[in-house]
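Residue numbers count from 1 along this sequence.
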Amino acid sequence: MPWRNKAWKAICTPRRKRTCHGPGEQLIIALREQKKLEKAYALLTANPTPDNLRQRAELALELGRFNEAAPLFRTLLAQTPDDPELKNKFAIAIRALGGKEEAAQALAEAPTPENLDERAQLAMELQRFDEAAELYKELAKIHPDDPEIKNQLAVAFAGPQATQAGLRSFHRSPNAREPGRTRAAGHGTPAL
């Protein structure tokens, strides 16, 4: 679904532009543009500074190093607790590590149309069916022709009776995805 790729990009794309502060940062930018993310991350982690904390966190997330990304985003959130972009990225990392409750809380503190799908899925996984139904209703208004959303809405309305059967069929669905992964791209790293 093309809208899901756009949603993940909106969650994961920085809103503010960075300026280059020197040759080291220019090298990091060049490495990222060449898709040499491992090298860029190695350079940043070899010389960690408060100025490159956000870059380290974002690269760790992009590389799928969730166990490294989560504490970096937690540190950033301690400095800027009201940043919805940071909360979304922290939620992606912490959910990938199995912290569904903490991820749901972070997303609920920064609700956006872009993270609506993720919030709905987490509500289902945490068996918060009323909340999931409301979120899937919102998604159905935005994407009225999406059969997956309609299916999940029906499962949410059915509640605990349909949970086991519904979630089993959902996870067997060719459109099912792992937490923190885009649906259209399959089982890859989140598009950042």
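- For the residue pair Ala110 and Asn115, the shortest heavy atom distance occurs at O-ND2, 2.9 Å.
- Ion pairing between a basic and an acidic side chain is recognised when a charged N comes within 4.0 Å of a carboxylate O; Lys89 and Asp83 show no such pairing.
- In this model, no donor atom of one side chain and acceptor atom of the other lie less than 3.5 Å apart for Glu125 and Gln121.
- Closest of all the heavy-atom pairs between Leu116 and Ile142 is CD2-CD1, 3.8 Å.
- Using a 4.0 Å cut-off between charged nitrogen and carboxylate oxygen, Glu101 and Arg95 do not count as a salt-bridge pair.
- Contact record, Ala106 with Phe90: CB-CD2, 4.0 Å, taken as the closest heavy-atom pair.
- Hydrophobic clustering, with ILVMFWY side chains joined whenever heavy atoms are under 4.5 angstrom apart, groups Phe129 together with Phe157.
- Remark: Gln79 pairs with no residue by the side chain to side chain donor-acceptor pair (under 3.5 Å) rule, at least two apart or across chains.
- Judged as a salt bridge (charged side-chain N to carboxylate O under 4.0 Å, His left out), and not counting sequence neighbours, Glu138 has no contacts.
- Ion pairing between Glu114 and Arg119 fails under the 4.0 Å rule for side-chain N and carboxylate O.
- The number of heavy-atom neighbours closer than 6.0 Å to NZ of Lys150, taken from other residues, nucleotides and ligands shown, is above 12.
- Contact between Pro71 and Phe66 at its shortest, heavy atoms only, is CD-O, 4.5 Å.
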Problem set entry | Verdict with supporting geometry, Leu63 and Glu38, side-chain contact (heavy atoms from CB on, under 4.5 Å) | CA-CA 8 Å; Leu63 290 167; Glu38 289 287 345; 3.7 Å; yes
Problem set entry | Verdict with reasoning, Ile92 to Glu118, per side-chain contact (heavy atoms from CB on, under 4.5 Å) | CA-CA 9 Å; Ile92 292 167; Glu118 194 76 11; 5.6 Å; no
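- When all heavy atoms of Leu135 and Ala123 are compared, the pair lying nearest together is CD1-CB, 4.4 Å.
- Nearest approach of Ala69 to Ala57, heavy atoms of both residues: CB-O, 3.9 Å.
- No hydrogens or angles considered: a donor-acceptor pair under 3.5 Å links the side chains of Glu68 and Tyr41.
- Atom-to-atom distance recorded for Gln55:CD and Leu43:CG is 11.0 Å, nearest 0.5 angstrom.
- Atom CG of Asp51 and atom CG of Leu44 lie 11.5 Å apart (nearest 0.5 Å).
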For this session: Any chance you could lay out the side-chain contact (heavy atoms from CB on, under 4.5 Å) test for Leu72 and Thr75, step after step, and finish with the verdict?
Result: CA-CA 5 Å; Leu72 295 172; Thr75 301; 5.7 Å; no
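- Of the possible donor and acceptor atoms, one in the side chain of Thr45 sits under 3.5 Å from a partner among the backbone N and O of Ala42.
- Evaluated for a side-chain contact (heavy atoms from CB on, under 4.5 Å) with Ile149, the options Asp146, Asp145, Asn151 yield exactly one hit, Asp146.
- Considering only residues two or more places apart in sequence or on other chains, Lys137 meets the side chain to side chain donor-acceptor pair (under 3.5 Å) condition with Glu134.
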